[in-house]
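Just below is one structure, and these are the notes that go with it.
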Amino acid sequence: MTAVEPVATETGRDFIRDIIQADLASGRHTGVVTRFPPEPNGYLHIGHAKSICLNFGVAAEFGGRCHLRFDDTNPVKEEQEYIDSIERDVRWLGFDWGPHLYYASGYFEQLYDWAEHLIHAGKAYVDDQSQEEIRATRGTLTEPGTNSPFRDRSVDENLDLFRRMRAGEFPNGARVLRAKIDMASGNINLRDPVLYRILHAHHPRTGNAWCIYPSYDFAHGQSDAIEGITHSICTLEFEDHRPLYDWFIDNLPVPSRPRQYEFARLNITYTVLSKRVLTTLVRDKLVSGWDDPRMPTIAGLRRRGVPAEALREFAKRIGVAKANSVVDMGMFEFSVREVLNRTAERRMAVLRPLKVVIENYPEGQSEALEAVNHPDDPAAGTRTLTFGREIYVERDDFMENPTSKFYRLAVGREVRLRWAYFITCREVVKDAAGEVVELRCTYDPQTRGGNAPDGRKVKATIHWVSAADSVPAEVRVYNHLFKNAAPNPADFANEINPQSLEVLTGCRLEPALADVPVGQAVQFERQGYFCPDPDQRPGALVFNRTIGLRDTWAKVAAGG
RNA sequence: UGGGGGAUAGUUUAAUGGUAGAACAGCGGACUCUGACUCCGUUAGUCUAGGUUCGAAUCCUAGUCCCCCAGCCA
């Protein structure tokens, strides 16, 4: 077996990896160089994570490298904040570009020279038409466009005008540089595409050095060629840009011959992955920011408590193909639970407390009990819990008129308190409104630690916290940001799920939970995975629910 | 009515002319100091119609349906 073969079995096979393997086998390439090329005009989201895992993953598997390159050719939309967030997010995802951090803007001088090269070759011209005129003469999907009246200017005149464009002699929109290809092409990208436009704008990297900026098409392939990219992987909508990508490579003295390949972008149910929509959600304050835990952004998912490993796991699971698809949100949730179940320590927390008084437990007494931190990982050790006469249990773990399927607490029923004792509910205390406010129970001292010496069983084990020794907290429970499985991006403001954020106050946590670092995942037993939010302060704990545990009881309960 | 792509269980994918396989979801069961995890079982698929071939998801022909493109965005 060669070094490249075992990889496919480990990460799955897809058409991109097949192509690379074939290119290596045929000798077309001796190594692999890919790149992740974000435009710094927003935060990265889970769709980008798919691309990042593909580009960096493929490079690592085949012993190559992956560049991080900012596609910063449009200064009116780009900001340093986005550059910083993108670097942070890619790194957090677990990838390293080493010294290979690049910017399209770093190639502006070279790209400019190549533009003049095209002019000299009679393959580019300065067009004085307005934006409207250019649009009007481009033709339609079924009709060819018509040539610009400026299409046949002399090389000298084009050169003179283009240099004056660069010198700043003209206002925005006055002229553009266009490639001279074919106004009748069935592929609209080939109808004399714009190469440079005048933009008197401050650029985050180049400042005011330039007032003309290359278009995406004129910058991307050439940047790939400069960096020696072998496989330039992008999404499907760029498929019909490929002939133009190749046209530049064919007509310019570029140092290498990259090729573009396209795969289907990620879509997920109950989610919108459109930078335009995400930007608007943030701008209009429909969410608290780019890192709102309900957002599908890397920053949002991180704050929510989703581990980077789960994102990588998910990317691997969904694969890479050319067919448009929508991945079930459940697939993502499974990946998150899979990682968290393995890595998160267990603790107890009562989200909706119901007081329980153990009538036969001596007043003023308490005792220490030992609880294991992770059932499948003895190395995680144990911790001490304090048990006393008054505790809290979950309201949902008590039912006044229990159904036959319900086997938690009810009057006359015995259950196990996790790591503690068996208790039996004797009596219910209600307030004036008839609401249950307290349970009177008795415990069996023989069952200390959670097992009965006589071998009798209970049907349920429930979680609890000590009334005296627990700490208060706020818990934020998140649900889908959008109420429909396939939200309409055109009307997304009305698609937002009003229950996407549920704030629970007055929750009670076991004391150990006060020391969990922000962002660290922990399982609240029987409920889900949570992590402290950066909003929390000493004495004011705030936890985010990353995701609930799989809940088959909810199905049974719903089904009657 | 132009050009470029794509169709395999409910979903995401594999099979590269030789037994259509997996994961998620679903359903049933076992186990359990988490109604979790784990384990076992199970339902369910090649867009259609022809053709080539001993043999077709795969090759050919003709259709059908879906997606993308008319920014001086990327």
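Sequence lines set the chain letters: A, B, ... in the order given, protein chains first and strands last, and positions in each chain run from 1. Predicted model only: the values in this text are computed from it and were never measured.
Remark: A/R265 CZ is loosely packed, at most 12 non-hydrogen atoms of other residues, nucleotides or ligands lying under 6.0 Å away.
In terms of polar N and O atoms assigned as donor or acceptor, the side chain of A/R346 comes within less than 3.5 Å of the base of B/rU34 in a complementary pairing. For B/rG35, its base never sits under 3.5 Å from the side chain of A/R550 at any donor and acceptor pair. The base of B/rG6 is not paired with the side chain of A/N324 by any donor and acceptor separated by under 3.5 Å.
Base orientation at B/rG71 is syn, since its O4'-C1' glycosidic dihedral falls within 90° of 0.
Screening A/R153, A/R178, A/R151 for a salt bridge (Lys or Arg N to Asp or Glu O under 4.0 Å) with A/D128, the sole residue that qualifies is A/R153.
A/G173 comes within 4.0 angstrom of a base, heavy atoms only.
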Could you walk me through whether A/E227 and A/R69 pass the salt bridge (Lys or Arg N to Asp or Glu O under 4.0 Å) check? CA-CA 10 Å; A/E227 294 175 20; A/R69 180 170 75 233; 3.1 Å; yes

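By the 5.5 Å and 30° criteria, A/W553 is stacked with the base of B/rG35.
A/E510 places no side-chain N or O within 3.5 Å of a backbone atom of A/R347 that could act as its donor or acceptor partner.
Where A/Q527 and A/E143 meet RNA chain B, the nucleotide closest to each residue was compared, and A/E143 sits on the side nearer the 5' end.
The separation of B/rU34 from B/rG26, taken at their C1' atoms, amounts to 23 Å, rounded to a whole angstrom. Here, B/rG4 and B/rC40 have their P atoms 49 Å apart, quoted to the whole Å.
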